[in-house]
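What follows is a set of notes on a single structure, which appears directly below.
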Number of protein chains: 2
Amino acid sequence: MVKARHSRLDCTPGCAVEAAVSLIDGKWKAVILYHLLDGPIRFNALRRMVGGITQRMLTNQLRELEADGLIHREVFAQVPPRVDYSLSDRGLSLSPIIMALKDWGEANMDLFGRRLAA
Amino acid sequence: MVKARHSRLDCTPGCAVEAAVSLIDGKWKAVILYHLLDGPIRFNALRRMVGGITQRMLTNQLRELEADGLIHREVFAQVPPRVDYSLSDRGLSLSPIIMALKDWGEANMDLFGRRLAA
DNA sequence: GCCTATAGTGTCAAAAAGGATACTGTCAGA
DNA sequence: TCTGACAGTATCCTTTTTGACACTATAGGC
């Protein structure tokens, strides 16, 4: 039951674009999805991969992605807790977007201060 | 001379993704770029196409896109003023991203309240 | 003479996003 | 016994983004 976090779309042309960006905007979501492309991953592992994100933000973003039906959250009843995050089918269908972003970013690193090391 | 609006990229993997989204995030930029794919367009025509954007926001977003080297701004010395906006080569190279967003958005309109009319 | 369109700018305020820090409970290892 | 890892919460605060509204100058049409 996806809640209507995304309203106000009366759908001019270009609305589809707006709808899609609304799911991956913010500083972190696209990066999170990118790392999830490699397969299921635990909360703290993801946190280390993303780098620079606080626990609070990571939790927030993951919850929103889950609410939008893009990722799955699986809790293991273990005692050092374990939670795996993975892409749903819908999330996986975003991969053309994510990869396009990555390719463009790599090809245009010169726009930014530092260059990709290797 | 592109200014360093985009700093802090010490480049973990996934940084390319972060860099790319930083250029098209916000509620409007991707939509603006999408409409620019159809060719040069005047300020107010763009405003009408985007729909719901204020003058101030449109101006802001266009200036940022220009600063990032994604669009050109051509001023005609006429007296009802005329300014055309168009994609630069670099902006045009974003089209895979924009089209991927559009395609995904159209394919997943069911996530959002209303459906694309036709 | 008045209204409209053009492409903006300036100011103020509200809302959203993001960040810092401290806290939870349990178990394994030193 | 003390510490760290795990996956978070809760609270507070700052920064950024977005929106509302008013204002500019000039030319053409009525």
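Note on naming: letters A, B, ... go to the chains in the order of the sequence lines (proteins, then strands), and numbering restarts at 1 for each one. Just the heavy atoms: all of them, side chains too, but no hydrogens, waters or symmetry mates, feed the values below.
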* Asked: Just the endpoints, please: which first and last nucleotides of DNA chain D, 5' to 3', lie under 4.0 Å from a heavy atom of chain A?
  -> dC6(D) to dT11(D)
* Structure fact -> Taken in chain and number order and not counting sequence neighbours, the residues that satisfy salt bridge (charged side-chain N to carboxylate O under 4.0 Å, His left out) with D103(A) are none
* Structure fact -> Residues at least two apart in sequence or cross-chain that pass side chain to side chain donor-acceptor pair (under 3.5 Å) with N108(A), listed by chain then number, are R90(B)
* Whole-Å distance separating the CG atom of L58(B) from the P atom of dA7(C) -> 10 Å
Give the table of side-chain donor-acceptor pairs shorter than 3.5 Å for residues 47-59 of chain B, with sequence neighbours excluded, one pair per line with atom names and distance.
unit_1 : atom_1 : unit_2 : atom_2 : d
T54(B) : OG1    : M57(B) : N      : 3.2
T59(B) : OG1    : Q55(B) : O      : 2.8

* Hphob cluster co-occupancy, I41(A) + V75(A), side-chain heavy atoms under 4.5 angstrom -> yes
* **For P96(A), side chain to side chain contact (heavy atoms under 4.5 Å, CB included) partners two or more places apart** => none
* Structure fact -> Separation of dT6(C) atom P from N44(B) atom CG, nearest Å, is 5 Å
* Residues in salt bridge (charged side-chain N to carboxylate O under 4.0 Å, His left out) contact with R63(A), at least two apart in sequence or another chain -> none
* **Positions of residues 73-80 of chain B (non-hydrogen atom under 4.0 Å from DNA chain C), listed by number** => R73(B)
* Asked: With sequence neighbours excluded, what pairs up with P81(A) under the side chain to side chain contact (heavy atoms under 4.5 Å, CB included) test?
  -> none
* Footprint string (nucleotides 13-23 of chain C, 5' to 3'): B base within contact, S backbone only, - free, heavy atoms under 4.0 Å -> -----BBB---
* Set of residues satisfying salt bridge (charged side-chain N to carboxylate O under 4.0 Å, His left out) with respect to R73(A), sequence neighbours excluded -> none
* By side chain to side chain donor-acceptor pair (under 3.5 Å) - contacts of N60(B) (at least two apart) -> none
* So, is R48(B) close to the dT6(C) phosphate, meaning a side-chain N or O under 4.0 Å from OP1 or OP2? -> yes
* Structure fact -> Here the side chain to side chain donor-acceptor pair (under 3.5 Å) pairs for residues 92-102 of chain B, sequence neighbours left out, are W104(A)-S93(B)
* Atom CZ of R47(B) to atom C1' of dA7(C): distance rounded to whole Å? -> 9 Å
